[in-house]
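Some notes on the structure that comes next.
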Amino acid sequence: MMELFKMRVALRSDVMTTVRLATGGVCSLAALSYDDGEDCKVCVTESLLLLLRGGYACADVTFTEGDALSVLVEGEGGAAKNAPCEEDEIALALINALAENVEMRRQDGALRTIAFTFGKQA
Amino acid sequence: MNDEELFRKYRETGDVAIRNAIVEKYLYIASVIAKKFVGRGVEYDDLYQVASLALIKGVDRFDESKGSKFSTFITPTITGEIKNYFRDRSRLVHLPRKVSELRVGIKREAERYLAETGKNATAKELADRLGVSEEDVIRCSEAGGVVSLDGAADREGENVSLYDVIPAEENVFEDVENRDAVRAALASLSETERKLVMYRFGKELSQMETAKRMGVSQMNVSRMERKILQKLKENLKKTMVE
């Protein structure tokens, strides 16, 4: 397993396009299929939006390359809240539907990290 | 009336008005998810339509007695349908961009010529106007729009698709080797996994139909399928190396 790319992003909706572009670039580097790359972009932005709604100020997104591309999105700073809304439920269900090995970790009841993987092309 | 009551009442009565009320209440989820898939070459309206149909089907399939929320159930269902739509759509054969552009030019010039002279233009006249060869004009005029490989291969509309009649490159020895490798790879699967392979790739059933026969959800089938294919791929690779 090798860390391929890491970025710290301010959790603001206006940076999401940049995050999507960067994620697309990483997926391409990791030789993911077009569809997986697009799905990965959705999962990364949904994770960030979950943390944004959870009250975090910024987040670290780490891409690790191995048999699959692993993504870890972790909230940092700010005051985390624990009041999930329906949008959060949809986002979580969407990530679960698109990615593999989805794992979530909570801290003091609030969602702190979201990890998932995407398989590579043979 | 809360959701559980609505679903229970719909289940008891089959009243379409109740179903429509549920669909309307959750239509925003179809919209939210459709938006997530914009930018992959399909218009939002088309995605929204696919998502809405999945929502309607989902209302019929949802079992409120299992205790899960409808929004949690319907999100993967809609996502799965949209992904299937993308997968099916990728089987369409598109014309090269140059040919598509020339087709548009030919149509425009032909109309202009007709308006100017009152006559239909010949291929040579169109070729002169467009600065291309006569052969290009004829070739592009003959090229259709988008062709589906699932479309009928014969004019009588018998059950033969273009996909069925496209000849495969034949190599008998390789075929035998491949069959052996596949057989060996299949032997490594569990009985349930082999059953799924038989339904999906032997009988060519949809994921939904396979799910029904196996008594699991469509998402389950989708996940299992991905894992099985990965497993088969790895086993095949090993067999080929050996």
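For the numbers below, each heavy atom of this structure counts, side chains included, while hydrogens, waters and symmetry mates do not. Chain identifiers are assigned alphabetically (A, B, ...) following the order of the sequence lines, protein sequences preceding nucleic acid strands; residue numbering begins at 1 within each chain.
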Does atom NZ of Lys231(B) have more than 12 heavy-atom neighbours from other groups under 6.0 Å away?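 Yes, the 6.0 Å shell around NZ holds more than 12 heavy atoms from other groups.
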Crowding at CZ, Arg226(B) (>12 non-hydrogen neighbours, <6.0 Å): yes
Of all residues at least two apart in sequence or in a different chain, which pass the salt bridge (charged side-chain N to carboxylate O under 4.0 Å, His left out) check with Arg12(A)? Asp14(A)
Proximal component of Glu87(A), with respect to chain B [non-hydrogen, under 4.5 Å]: neither
Against chain B, label Glu89(A) side chain, backbone, both or neither, depending on which of its atoms sit under 4.5 Å from a heavy atom there.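 When you check distances to chain B, only side chain atoms of Glu89(A) fall under 4.5 Å.
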Just checking heavy atoms, which of residues 68-83 of chain B are less than 4.5 Å from chain A? Lys69(B), Ser71(B), Thr72(B), Thr75(B), Pro76(B), Thr79(B), Lys83(B)
Sub-4.5 Å heavy-atom contacts with chain A: which residues of residues 44-52 of chain B show up? none
For the interface with chain B, which of Ile90(A), Val42(A), Asp35(A) has the highest count of heavy-atom pairs at distances below 4.5 Å?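 Heavy-atom pair counts peak at Ile90(A).
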Decide side chain to side chain contact (heavy atoms under 4.5 Å, CB included) for Glu86(A) and Tyr28(B); before the verdict, give the C-alpha distance in whole Å, the side-chain angles of both, and the deciding distance to 0.1 Å. CA-CA 11 Å; Glu86(A) 189 153 26; Tyr28(B) 77 96; 2.9 Å; yes
Ordered numerically, the heavy-atom neighbours of chain B under 4.5 Å found in residues 96-104 of chain A are Asn96(A), Ala97(A), Leu98(A), Ala99(A), Glu100(A)
